[in-house]
Amino acid sequence: MSWYDLKGKDLISVKDWTKEELDVLLRVANDLKSRHYSGETLNPLENKTFMMLFFNSSTRTRQSFEAGMSQLGGHSQFLAPETMRISLDREPGGGESIKDTTKVMGRYAEGAGVRILEDKVDYYGQGTDIMYEMGKYSEIPIINMASDIYHPCQSMTDVMTMQEKVGDLEGKKIAVTWAHSPWVRSWGSIQSNILTSALYGMDVNLAHPEGYELDQDVLGLTEENAKKSGGSFTVTNDMDEAIEGADIVYPRNWMSPDRYEIGKEKEIEMASQHKDWKYTGEKQKLADPGYLLHCMPVDRGNEVEDEIMDDPELSFVYDQAENRLHLQKALMALTMGGSF
Ligand code: CP
């Protein structure tokens, strides 16, 4: 590959980038982090603009992209769809089309990010379809800032953080486990994490109660990634079995595959039947040592006990949140044509 080929490239799923390309992203992210801590100022994206279209709320993604763009010398623009002409209604008279919105954004900016998931989509996959549709019409890179299927910026940050903390990931064991919460979270962070963890040679143990199965295509691709990398992939309905001997534990709530048929209230009721699916001090004793990885926000007391969340020896979460900044700076610099 040529690094130059990353210029203009969309990132909607990690499956669309080769391992070599993802390695370049990590390399630049680590370089930018070093430069950040040595006080070096870089302006590779001076006078450039990154559009951020958020259909859903965000703490980390918005702040890290916005701060990142400032640190690269450019500007980011926050776009709330309710203040725009865009509509997802495809009927004539419903509002401005995705095609026209995307084409116009490209006349003002050098890159654009989109977040659309959970209550903002009518069916599983719609948010991701919209991003690919934007990618088809766009002359500027389209970055997935969390969709209903994928969250590539999060999962590449997970890889960066795990490498930083435990070194080479080959042969390291990660337990990615469903955890109880009434928040009814989407699948993107978890599905992207298992894909990338397997790609980087980890032994991935996925655990969830019956009824919380993930996307079959994602599971198949995770299996393929594990085979290629020399890692492994197992699925169990036993949280303890998944955590046994794990270097890293990622306890996170996600909704059932029936979410868009049964509604949110029914999901909350279903999840309440599994309150024992929580990462506790007792469960951590099964792990080795069971460092905490979590995309955040964390439902403290439901997904994870405070004693683990607040243990600086065990919890990666704040460094992981910080690494979103460095990873996304690298992504914007590479895809929006900065050179430094
Ligand atoms: N992990 C993550 O994407 O956080 P936000 O939803 O706060 O952006």
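Hydrogens, waters and symmetry mates are skipped; everything else that's a heavy atom, side chains included, is used. Remember, it's 1-based here, ligands and their atoms both numbered in the order they're listed. Keep in mind that what you see is a predicted model, and the values were worked out from it rather than measured.
Annotation: ring-ring contact (aromatic ring centres under 6.0 Å, His included) contacts of Tyr108 (sequence neighbours excluded): none.
In this structure, Arg62 has no heavy atom closer than 4.0 Å to ligand 1. Residue-ligand proximity: Met145 is placed with every non-hydrogen atom at 4.0 Å or more from ligand 1.
In this model, no donor atom of one side chain and acceptor atom of the other lie less than 3.5 Å apart for Arg85 and Thr101. No side-chain N or O of Gln320 forms a donor-acceptor pair with one of Thr157 less than 3.5 Å apart. A donor and an acceptor atom, one from each side chain of Asp203 and Ser232, are located under 3.5 Å apart.
The protein non-hydrogen atom at the shortest distance from atom 2 (C) of ligand 1 is Arg324 NH1, 3.4 Å. For atom 6 (O) of ligand 1, the nearest protein heavy atom (residue, atom name, distance) is Arg115 NH1, 2.9 Å. The single protein non-hydrogen atom nearest to atom 4 (O) of ligand 1 is Arg60 NE, 2.9 Å, given as residue, atom name and distance. Scanning the protein heavy atoms around atom 7 (O) of ligand 1, the nearest turns out to be Thr59 N, 2.7 Å.
Pairs passing the side-chain hydrogen bond (donor to acceptor under 3.5 Å, both in side chains) check and including a residue from residues 284-299, sequence neighbours excluded, read Ser181-Asp299, Glu282-Lys285, His294-Glu303, Asp299-Asn302.
Close contacts between ligand 1 and His151 involve ligand atoms 2 (C), 3 (O) [criterion: under 4.0 Å to a heavy atom].
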